[in-house]
Enquirer: 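Here it is: the structure, laid out below.
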Amino acid sequence: MSYTSIKVSKGSSGWGNGLVLTPTEDRHIVLSVTGGGIHPVAAKMAELSGAEAVDGFSNTIPDEQVMAVVINCGGTARVGIYPKKGLPTVDIFPGGPTGPLAKYIKPDIFVSDVSPERITIADPAAAGAQAASDTSTTMPTETPPTPKTVSQQQAEKGGFMGFVVKFGNGIGYFINSLLSSGRQALEIILQTVIPFMAYVALLIGIVNYTGISKWLAKTVTPLASNPLGLLLLGFIVAIPLLSPILGPGAAIAQVIGVLMGTQIGQGALPVQYALPTLFAIDGQVGCDFVPVGLSLGEAKPETVSVGVSAVLFTRLVTSPLAVALAYLASFLLV
């Protein structure tokens, strides 16, 4: 089968140098992990290149067959998991290196803010250069053995000097581990926690100033103050066809949670409804991450295939049940 090289370019708010992708007999799958079937970006990539677009939620594909992965992650987990595996990643959302796996996101393997218009037939010269680069990076090279350092020689001899060397190496490893942990924690706070706090503060200010909170509170009060309404809300957000789509960014849960929390804080809604409302709007949490989490846990393909459906349909039962239990437990808050 004949394949064509394609170029995937970043959008106006995107990040990355762009990708030049060429399918092969071994790697001919464009994996769409977006929670809503095959995304138009994945379909366009497959159409122009001759590859095959596959829904990552409905099918289990070995990494060895994947040419590229299309995701819709705002910058937490999926944005870094596939680059960590060495798979070219195309994010339809804008953004750059962020999250706990930001160090694996490189401009030559990741591109963001991609729309179908950003996918074109690659220049033959660029495609040839990319193929040559891939070949040169994959060819095994032999490195001559390096002479042993004085520390290594002393460690091999044992005795007091060997003990000193081992002790020094252990202390150095411990200190470097602490420094690395502190550096990663600071990066996560700066790139993830603080922006989210600023977003929540801005959202609260906007809805209070515009009066949207009062209007929305009046709209959702009958549903939030009714146990059957909370059960219905928990059931709707956990529907298997909706939960993977509602999961990325958790926009619905964030907006409703902030507004309901503000109203409860102002006394417009009783505090007893805080706990069941939380469970009612969070039924979709993590549903977009199910196949990625199973893959990250090195689950077998059969386990991933069965596990995705099992988790989604199980959430359909546990979400309303959690709302009911939270409603009963909420009476202990007063």
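If you read the sequence from its start, that first residue is 1, and numbering goes on from there.
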Enquirer: Tell me every residue that passes side chain to side chain donor-acceptor pair (under 3.5 Å) with T89, counting only those two or more places apart in sequence or in another chain.
Expert: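 In terms of side chain to side chain donor-acceptor pair (under 3.5 Å), with neighbours along the sequence ignored, T89 is linked to no residue.
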Enquirer: Mind checking the CD1-OG1 spacing from I71 to T34? Nearest 0.5 Å is all I need.
Expert: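 The CD1 atom of I71 sits 10.0 Å away from the OG1 atom of T34.
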Enquirer: Treating Ile, Leu, Val, Met, Phe, Trp and Tyr as nodes and any side-chain heavy-atom pair under 4.5 angstrom as an edge, say whether L48 and I38 lie in one connected cluster.
Expert: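 Not linked; separate clusters.
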Enquirer: So, K44 side chain and P116 main chain: donor-acceptor pair closer than 3.5 Å or not?
Expert: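 Judged by distance alone, yes, a pair lies under 3.5 Å.
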Enquirer: Taking atom CG of L87 and atom CD1 of I29, what is their separation to the nearest 0.5 Å?
Expert: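 Between L87 CG and I29 CD1, I get 12.5 Å after rounding to 0.5 Å.
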Enquirer: Does some side-chain heavy atom of Y82 sit less than 4.5 Å from a side-chain heavy atom of V33?
Expert: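 V33 reaches Y82 side chain to side chain.
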Enquirer: What's the spacing between I6 CD1 and L21 CG if we round to 0.5 Å?
Expert: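 That separation rounds to 5.0 Å.
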Enquirer: Step by step, work out the side-chain contact (heavy atoms from CB on, under 4.5 Å) result for V90 and V69.
Expert: CA-CA 6 Å; V90 178; V69 182; over 6 Å; no
Enquirer: Could you pull out all residues at least two apart from E117 that satisfy side chain to side chain donor-acceptor pair (under 3.5 Å)?
Expert: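 Residues passing side chain to side chain donor-acceptor pair (under 3.5 Å) with E117: S115.
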Enquirer: Would you please test L325 and F279 for side-chain contact (heavy atoms from CB on, under 4.5 Å) and show each step?
Expert: CA-CA 10 Å; L325 294 176; F279 281 92; over 6 Å; no
Enquirer: Apply side-chain contact (heavy atoms from CB on, under 4.5 Å) to residues Q284 and V237 and explain how you reach the verdict.
Expert: CA-CA 6 Å; Q284 85 289 348; V237 300; 4.0 Å; yes
Enquirer: Using atom types as modelled and distance alone, determine if a side-chain donor or acceptor of D113 lies under 3.5 Å from a backbone N or O of S12.
Expert: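 Yes.
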Enquirer: Pairs in or reaching into residues 56-68: which pass salt bridge (charged side-chain N to carboxylate O under 4.0 Å, His left out), with residues at least two apart or in two chains?
Expert: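 Checked against salt bridge (charged side-chain N to carboxylate O under 4.0 Å, His left out) - neighbours excluded - the pairs reaching residues 56-68 are D63-K85.
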Enquirer: Look up atom CG in L230 and atom CZ in F235, then write down how far apart they are to the nearest 0.5 Å.
Expert: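 Rounded to the nearest 0.5 Å, the CG-CZ separation comes out at 15.0 Å.
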Enquirer: Could you measure the distance from the OG1 atom of T60 to the NZ atom of K300? Nearest 0.5 Å is fine.
Expert: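 With rounding to 0.5 Å, OG1 (T60) is 13.5 Å from NZ (K300).
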Enquirer: List the atom pairs, donor and acceptor, that lie under 3.5 Å between side-chain atoms in residues 310-322 and the rest of the protein, sequence neighbours left out.
Expert:
unit_1	atom_1	unit_2	atom_2	d
T314	OG1	A310	O	2.5
R315	NH1	G283	O	2.9
R315	NH1	V285	O	2.7
R315	NH2	V285	O	3.4
T318	OG1	T314	O	3.2
S319	OG	G234	O	2.9

Enquirer: Donor-acceptor check, side chain of S32 to backbone of V70, threshold 3.5 angstrom: yes or no?
Expert: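 No, the answer is negative, given that no donor and acceptor are paired below the 3.5 Å cut-off.
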Enquirer: Below 3.5 Å, can you tabulate the donor-acceptor pairs from side chains in residues 50-58 to any protein atom, sequence neighbours excluded?
Expert:
unit_1	atom_1	unit_2	atom_2	d
D55	OD1	F57	N	3.0
D55	OD2	S58	OG	3.1

Enquirer: Do V323 and L278 share a hydrophobic cluster, counting only Ile, Leu, Val, Met, Phe, Trp and Tyr and linking them when any side-chain heavy atoms are less than 4.5 Å apart?
Expert: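 No, V323 does not connect to L278 through the hydrophobic network.
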Enquirer: Who pairs with N17 by side chain to side chain contact (heavy atoms under 4.5 Å, CB included), at least two apart in sequence or on another chain?
Expert: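 So N17 forms a side chain to side chain contact (heavy atoms under 4.5 Å, CB included) with P107.
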Enquirer: I'd like to know if the side chain of R27 and the backbone of V66 have a donor-acceptor N/O pair within less than 3.5 Å.
Expert: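 Judged by distance alone, yes, a pair lies under 3.5 Å.
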Enquirer: Hey, does the side chain of K103 reach the backbone of P100 with a donor-acceptor pair shorter than 3.5 angstrom?
Expert: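 Not at all, since once roles are kept as given, no pair shorter than 3.5 Å links the two residues.
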Enquirer: Fit a plane to each ring of F110 and W15, take the angle between them on a 0 to 90° scale, and name the class: parallel (under 30°), tilted (30 to 60°) or perpendicular (over 60°).
Expert: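 Aromatic pair F110/W15 classed tilted.
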Enquirer: For side-chain contact (heavy atoms from CB on, under 4.5 Å), just list the numbers for D91 and V114, CA-CA rounded to whole Å, side-chain angles, deciding distance to a tenth of an Å, and then say yes or no.
Expert: CA-CA 6 Å; D91 194 353; V114 177; over 6 Å; no
Enquirer: If only atom types and distance count, is the side chain of N72 paired as donor or acceptor with the main-chain N or O of I92 below 3.5 Å?
Expert: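 Looks like no, no N/O pair under 3.5 Å.
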